[in-house]
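Worksheet for the structure shown next.
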Amino acid sequence: ETLVEAINEATDAGATGKKTGSIAILDMFGFESFKVNRFEQLCINYANESIQHKYASDIFLAAKEEYEPEGIEIFDFSKVDNSSVLDLIESRTGLIMVLNDECLRPKGNDESFVYKSKQIHRDSTRLLHHGLHRRTEFAIRHFAGDVKYDATGFVERNMDRLPTDLLELACSSSNIIIQRRFGKLADAVAEVKKNYRRKRAVATICTKFRTQLSDLMKDIRNSKTRYIRCVKPNGDCLPLITDHDMTMKQLASAGLVTAIMVERETFPSCLPYSVIWDRFNILLPEDFDTSGDMETKAKRLLEFLLEGKEKVVAGEVIAPYACGKTKVFFRSGAQEELDSQRQGIFDTNATIIQNWYRTILLKRKFGKAREASIVIQSFWRMCLAKKLRAAILLAIVRLQCWARCTLAVTSLYRLRRMKAASAIQSRWRAHDKRSELLRFRRAANVIRRNFVATKNRESMSSALSRVVEEAQMDQKAKDFQKKLYAPATYDRDELLEECGITMGYLTRQLSTQRIRSTELGDQANRAREAAALSQAHASAVESSMAASKLEITKLRGSNARLRSHVGEIKAGTVNLKHLIKNMQEAHNDTKRKQRAEYEDMKTSYEDELAAMKRELREVKRQHAAEVEELRGEMMESEERNRREVERLHEELNATEENHTNDLYKMMDALAVQEGSVRSGVGDGGMLRDSSSEEEELRDRLETMKMNNVKAARDLQAILCDKCQREFPPVMELLGLNQYKGGSRNLQVD
């Protein structure tokens with residue numbers, strides 16, 4: 001109790017004066033019912049009854065307070081209300097008060113306690129009288145079941161008395177804590193004996209237990225409580241095994257079976273009448289009667305929707321809901337059924353709306369797709385006709401030229417790609433292997449540094465712990481030396497105790513000397529006893545005086561030997577002081593050496609760390625320089641490509657402009673020739689000359705096309721992919737799908 005009080009005072013947060021909260025766990029004994037139940041089982045079951053009453057108040061009585069104002073007929077709360085058991089135990093005429101009276105009565109006994117309890121509570125349904133075979137037996141109907149108690153020893157165990165000789169022995173103890181604690185008990189006992197009227201103020205075991213339990217229940221009522229029921233699965237403490245009989249007995253003794261039965265009769269959910277009408281009127285048909293106030297309409301709605309949902313239990317029809325004054329209380333599953341029907345209607349209507357909306361979207365999409373397909377088909381037919389016409393006119397020449405150019409360009413591109421790919425692969429493989437080697441080298445360095453640092457850290461920690469331990473021993477030795485130099489200011493027992501603590505590791509020789517001193521002390525005690533016997537017999541027998549004197553002489557010799565031995569012990573103490581001083585000097589030398597080693601090690605670690613930091617900064621600087629260099633090269637390459645593309649684009653524009661001018665001239669010439677033919681000017685020779693000129697123009701046109709195709713192929717081989725993506729006109733020219741020149745199209749009939 002002293003230890004518990006000291007811990008509570010030290011950990012009491014309320015002593016600081018600040019407002020604090022607490023989170024606590026109460027681990028209760030389970031309900032106990034054995035073949036023979038004693039005083040301890042009564043106290044444990046009493047505590048469980050109090051906890052069960054709090055549990056019933058939190059779970060069921062709160063529901064009762066909600067149902068009764070609404071006028072709802074609910075279940076019988078007497079199944080879970082154990083107030084009568086608590087009244088039987090802790091009321092003014094309860095078992096605790098009767099037992100306390102028997103403890104204070106001069107001739108109080110266990111049989112009288114049982115008899116008085118049965119007489120006082122003979123009308124109580126919780127105190128059972130049948131099935132009892134002895135005068136000291138009584139039975140109580142607890143919330144978990146009937147328990148029969150044997151009152152043998154109740155009065156003695158409730159008295160909380162200590163034997164007088166044990167109390168006197170504890171008061172004379174050299175331990176201050178024991179002496180102070182039992183001194184208070186002795187003063188209380190003496191005060192009770194002095195004033196008989198205060199006997200009733202002495203707290204018994206039951207009174208203390210009830211007071212502590214009341215304080216505990218007060219704290220529980222002022223806090224937010226959560227309940228956890230622990231069930232022991234089997235009696236052999238084996239995993240993955242459940243003893244069903246044992247488990248069911250624990251559930252029944254914990255009151256969970258009764259709680260579940262009562263919970264089935266409650267209403268887990270409730271809604272006001274207005275909410276019910278607004279929420280579930282969508283389930284009603286169109287011809288439903290909606291006249292009357294809100295309560296009447298809600299009742300007719302529930303009657304219509306929950307018709308046929310009643311249950312028959314033990315010949316009694318149980319409705320799925322109950323109507324109160326302002327709310328409707330639903331049994332388990334009733335409100336879920338209504339919500340399910342309501343959600344079904346929402347799902348059906350949502351599906352219909354989605355179908356109509358999808359139909360409209362698909363119709364619009366189909367109309368747009370049909371119009372787009374007509375446009376695409378007409379455009380595509382036009383393109384096909386143009387391509388077919390151009391293909392028929394230029395099939396042979398174009399096929400030959402295209403085949404030759406394609407073979408030449410393909411072979412050239414393949415050779416360039418293979419050479420570039422080989423160079424890139426070789427560079428990449430070398431870079432990959434080099435990067436892997438550097439990564440492995442860095443990983444090895446990191447692992448090595450971590451291993452060395454861990455090893456040094458462990459050795460440093462062990463060395464520091466040894467230094468600290470030796471420093472503590474040195475300080476203790478110094479303190480002990482100071483006390484030895486001034487022994488008059490300190491208690492002898494305290495010096496002996498500190499001597500034993502300081503020189504614990506050197507106690508082998510001193511223990512031997514103490515054992516020898518103890519033996520000599522025993523001999524001295526025996527000698528004193530013999531001297532006392534001699535002096536007692538000296539008054540009666542004068543003839544034994546000589547023997548007594550001889551014995552006294554022997555005792556004097558023993559005393560002299562003891563004094564000499566004490567002198568030897570003092571000399572040994574002086575030697576121990578010199579030994580401690582030498583050890584202290586050796587320890588100081590060792591500490592200085594270890595401190596010097598630690599400073600050297602620390603300096604080496606700092607140098608290594610600085611070198612690593614310098615190396616890291618150098619690597620970062622080199623990396624930044626390489627990145628800047630690569631970035632400059634990339635920008636120069638992009639600038640060269642851009643200038644080359646611009647030059648090619650200017651050359652292409654100049655070529656297209658020249659080509660356009662030539663085409664204009666040739667078409668003007670053809671137009672003049674065609675006009676002369678239609679007017680009938682000239683004779684047959686002139687017609688033949690015009691035909692030859694037309695053939696010559698065609699040849700010149702084909703030659704220009706071939707030259708343009710060749711120039712375009714050369715340009716395609718030079719340009720990169722990025723330039724081809726950035727200049728669509730160049731790619732359009734390289735496509736050769738349709739020959740274009742300026743803003744006109746060349747068409748040859």
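Given the structure is predicted, the values throughout are model-derived calculations rather than measurements.
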Could you check whether any side-chain N or O of [X] sits under 3.5 Å from a backbone N or O of [Y], counting only pairs where one atom can act as donor and the other as acceptor?
X      : Y      : answer
Ser173 : Asn175 : yes
Asn109 : Glu111 : yes
Asp146 : His142 : no
Ser172 : Leu169 : yes
Asn37  : Phe34  : yes
Arg126 : Arg141 : yes
Asp87  : Ser91  : no
Glu156 : Gly153 : no

Any donor-acceptor N or O pair under 3.5 Å, side chains [X], [Y]:
X      : Y      : value
Asp110 : Thr136 : no
Asn82  : Glu49  : yes
Thr204 : Thr207 : yes
Asp150 : Thr152 : yes
Ser112 : Glu102 : yes

So do [Y] and [X] actually touch side chain to side chain, heavy atoms under 4.5 Å?
X      : Y      : value
Thr225 : Lys54  : yes
Pro233 : Ile241 : no
Leu251 : Arg229 : no
Phe31  : Gln52  : no

Please determine if Glu529 and Arg526 form a salt bridge, counting it only when a charged side-chain N lies under 4.0 Å from a carboxylate O.
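Looking at Arg526 together with Glu529, the answer is no, because their closest N to O distance does not fall below 4.0 Å.
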Count the heavy atoms of every other residue, nucleotide or ligand shown that sit under 6.0 Å from CZ of Arg135, and state whether that count exceeds 12.
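Open: at most 12 neighbouring heavy atoms sit under 6.0 Å from CZ of Arg135.
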Please name the pair of heavy atoms, one in His133 and one in Glu137, separated by the smallest distance, quoted to 0.1 Å.
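Heavy-atom minimum between the residues: N-OE1, 3.1 Å.
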What's the shortest heavy-atom distance between Met246 and Gly235, and which atoms?
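Reported closest heavy-atom pair: SD-N, 3.5 Å.
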As a quick check of understanding, evaluate side-chain contact (heavy atoms from CB on, under 4.5 Å) for Met217 and Ile220, giving each step before the final call.
CA-CA 5 Å; Met217 296 308 299; Ile220 293 176; 4.2 Å; yes
For the residue pair Phe154 and Phe138, does the interplanar ring angle fall in the parallel (under 30°), tilted (30 to 60°) or perpendicular (over 60°) class?
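It falls in the perpendicular class, over 60°.
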